[in-house]
Chemist: 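So that we are looking at the same thing, I have put the structure below in structure tokens.
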Number of protein chains: 2
Amino acid sequence: MTDVKIGPNPLFLREEDLRQGMELLFYAYRDFTAEPDAMLAKIGLGRAHHRVVYFVGRYPEITVSDLLGILQITKQSLSRVLSELIGQDYVVQRTGTRDRRQRLLSLTDKGMDLERQLSDAQRARIARAYRAAGAQAVEGFRTVMLGIMDEAERGKFPGGAGKRG
Amino acid sequence: MTDVKIGPNPLFLREEDLRQGMELLFYAYRDFTAEPDAMLAKIGLGRAHHRVVYFVGRYPEITVSDLLGILQITKQSLSRVLSELIGQDYVVQRTGTRDRRQRLLSLTDKGMDLERQLSDAQRARIARAYRAAGAQAVEGFRTVMLGIMDEAERGKFPGGAGKRG
DNA sequence: GGATATAAGTCAATATGACTGACGTAAAGA
DNA sequence: TCTTTACGTCAGTCATATTGACTTATATCC
């Protein structure tokens with residue numbers, strides 16, 4: 001952690017600020033995933049199952065290739081996880097009607113239960129953090145997180161500061 | 001109630017905000033780790049090596065047990081990674097003077113080089129996001145991230161909203 | 001001084017999640 | 001018809017993590 005000789009810095013971005021940003025991500029993500037990981041371990045599943053269940057719940061009737069695009073893993077990696085989830089009745093496949101090559105994935109009731117259980121701890125964590133931070137801080141959080149991720153992904157997060165509901 | 005558009009489940013709006021928060025974390029972390037992972041793969045190392053090199057660089061002369069506390073993995077898991085890093089001359093061990101049971105870990109020059117290379121991509125990513133978002137958004141980001149992580153970790157991030165520079 | 005606790009290392013077995021490469025099948029589309 | 005796409009599968013490998021049992025050296029408590 002060195003090298004701060006990049007000339008005048010308009011935002012006073014120091015090495016220390018950047019390092020802190022990196023660590024915020026590390027610790028927040030580590031603690032964010034710890035609870036569901038522990039729950040999953042009890043039923044013999046792993047984090048990969050959570051991700052699949054989460055995104056299938058989020059986008060019912062998602063195709064396998066769209067899911068691969070989100071997870072950015074290979075189909076062989078997804079295959080084992082997905083077939084376990086289907087075999088244990090958390091996820092169902094349905095042949096697409098418009099395109100019969102597609103396998104549209106959805107959660108069963110059992111899958112929805114699991115998803116809710118797993119995500120509840122995370123939702124509560126986010127809710128607590130949002131509540132404590134306030135609306136303006138949440139908007140800043142959103143802006144920075146969008147800036148951190150690849151530009152290509154930002155379209156997934158429409159809307160802005162708009163107060164709704 | 002007919003579906004007007006494709007997309008996520010029509011959920012209660014508060015629920016949607018929380019989901020979005022979860023996904024911001026998922027995508028930002030995924031993209032944040034992708035670049036160093038690719039570099040590491042080229043030299044036969046993995047993300048675990050990066051984490052060790054990062055935190056040893058951050059806290060020179062850190063003890064093994066303190067490092068284990070940060071990474072929250074078992075000593076057996078750390079063992080392989082650490083002995084590879086020591087064997088390849090990225091990290092050195094020194095017996096503690098105050099407590100001779102301890103092995104104090106530090107980076108070699110080669111280790112510092114590696115750490116810098118790996119983290120540069122991440123630093124650039126954070127810097128870009130911070131610069132684009134502005135100081136107020138960064139403060140909000142900080143506040144929310146601290147709220148997401150376990151309370152026990154927050155002491156590692158002193159300073160708060162203090163204006164510097 | 002002796003008992004106990006702590007810091008670290010090691011051996012063995014195992015699970016999980018990821019990868020590459022090769023190949024197959026069904027269906028869509030040019 | 002030919003090619004491409006969507007999906008699946010077999011086989012092998014790697015990286016990261018786990019639990020459990022055990023050892024060595026050193027520190028600390030009584």
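When reading the values below, keep in mind they use all heavy atoms of this one structure, side chains included, and skip hydrogens, waters and symmetry mates. A, B, ... follow the sequence lines: proteins, then strands. Residue 1 opens every chain.
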Chemist: Specify the residue among A/Arg98 and A/Ala48 whose closest nucleotide of DNA chain C lies further upstream toward the 5′ end.
Modeler: A/Ala48
Chemist: Tell me: CG of A/Asp37 to P of D/dA17, nearest whole Å?
Modeler: 12 Å
Chemist: For B/Arg100 and D/dT28, give me the distance from atom CZ to atom P, rounded to whole Å.
Modeler: 13 Å
Chemist: Please tell me which of the listed nucleotides, D/dG8, D/dT26, C/dG9, lies nearest to the side chain of A/Arg103?
Modeler: D/dG8
Chemist: Can you find an N or O donor on one side and an acceptor on the other, under 3.5 Å apart, linking the side chain of A/Arg101 with the base of D/dT5?
Modeler: yes
Chemist: Side chain of A/Arg80 only, heavy atoms from C-beta on: which candidate in C/dA27, D/dA17, C/dT16 is closest?
Modeler: C/dT16
Chemist: Please state whether the base of C/dG21 and the side chain of A/Gln76 form at least one donor-acceptor pair under 3.5 Å?
Modeler: yes
Chemist: Can you tell me how far CZ of A/Arg125 sits from CE of B/Met22, rounded to the nearest 0.5 angstrom?
Modeler: 11.5 Å
Chemist: Would you tell me if any nitrogen or oxygen in the side chain of B/Arg51 comes within less than 4.0 Å of OP1 or OP2 on D/dA17?
Modeler: yes
Chemist: Closest to the A/Lys75 side chain: C/dT10, D/dA17, D/dT9?
Modeler: D/dT9
Chemist: Round to the nearest Å and state the distance from B/Leu104 atom CG to C/dA8 atom P.
Modeler: 8 Å
Chemist: Measure from CG on B/Leu78 to P on C/dT10 and round the result to the nearest Å.
Modeler: 12 Å
Chemist: Distance check needed: C/dA8 C1' versus B/Leu105 CG, whole Å only.
Modeler: 11 Å
Chemist: Using a strict threshold of under 4.0 Å (side-chain N to carboxylate O), is an ion pair present between B/Glu16 and B/Arg19?
Modeler: no
Chemist: Less than 4.0 angstrom between a side-chain N/O of B/Thr74 and OP1 or OP2 of D/dT18, yes or no?
Modeler: yes
Chemist: Check the phosphate of D/dG8 against A/Gln93, side-chain N and O only, distance under 4.0 Å to OP1 or OP2. Yes or no?
Modeler: yes
Chemist: Would you say B/Ile148 and A/Phe141 make side-chain contact, with heavy atoms under 4.5 Å?
Modeler: yes
Chemist: Compare the minimum distances between each of D/dC7, D/dT16, C/dA27 and the side chain of B/His49, then state the nucleotide with the smallest one.
Modeler: D/dT16
Chemist: Output the rounded distance in Å from CD (A/Glu84) to C1' (D/dG8).
Modeler: 16 Å
Chemist: Counting heavy atoms from C-beta on, name the nucleotide in D/dA6, D/dT26, C/dC19 closest to the side chain of A/Ser65.
Modeler: D/dA6
Chemist: Please check the phosphate of D/dT18 (OP1 and OP2 only) for any side-chain N or O of B/Ser77 closer than 4.0 Å.
Modeler: yes
Chemist: Are B/Leu104 and B/Ile62 side-chain neighbours, meaning at least one heavy-atom pair lies under 4.5 Å?
Modeler: no
Chemist: Rounded to the Å, how far apart are A/Asp99 CG and D/dC7 P?
Modeler: 8 Å
Chemist: May I have the distance from B/Leu68 (atom CG) to C/dT10 (atom C1'), rounded to whole angstrom?
Modeler: 14 Å
Chemist: Using the side-chain heavy atoms of B/Ile73, tell me which of these nucleotides is nearest: C/dA7, C/dA18, D/dA17.
Modeler: D/dA17
Chemist: From the options A/Arg116, A/Glu115, A/Lys110, select the one residue that forms a side-chain contact (heavy atoms from CB on, under 4.5 Å) with A/Asp113.
Modeler: A/Arg116
Chemist: Picking from D/dA6, D/dT18, C/dA8, which would you name as closest to the side chain of B/Val64?
Modeler: C/dA8
Chemist: Any side-chain to backbone donor/acceptor pair from A/Gln122 onto A/Phe32? Under 3.5 Å, distance only.
Modeler: yes
Chemist: Among D/dT26, D/dC7, D/dT18, which is the nearest nucleotide to the side chain of A/Thr63?
Modeler: D/dC7
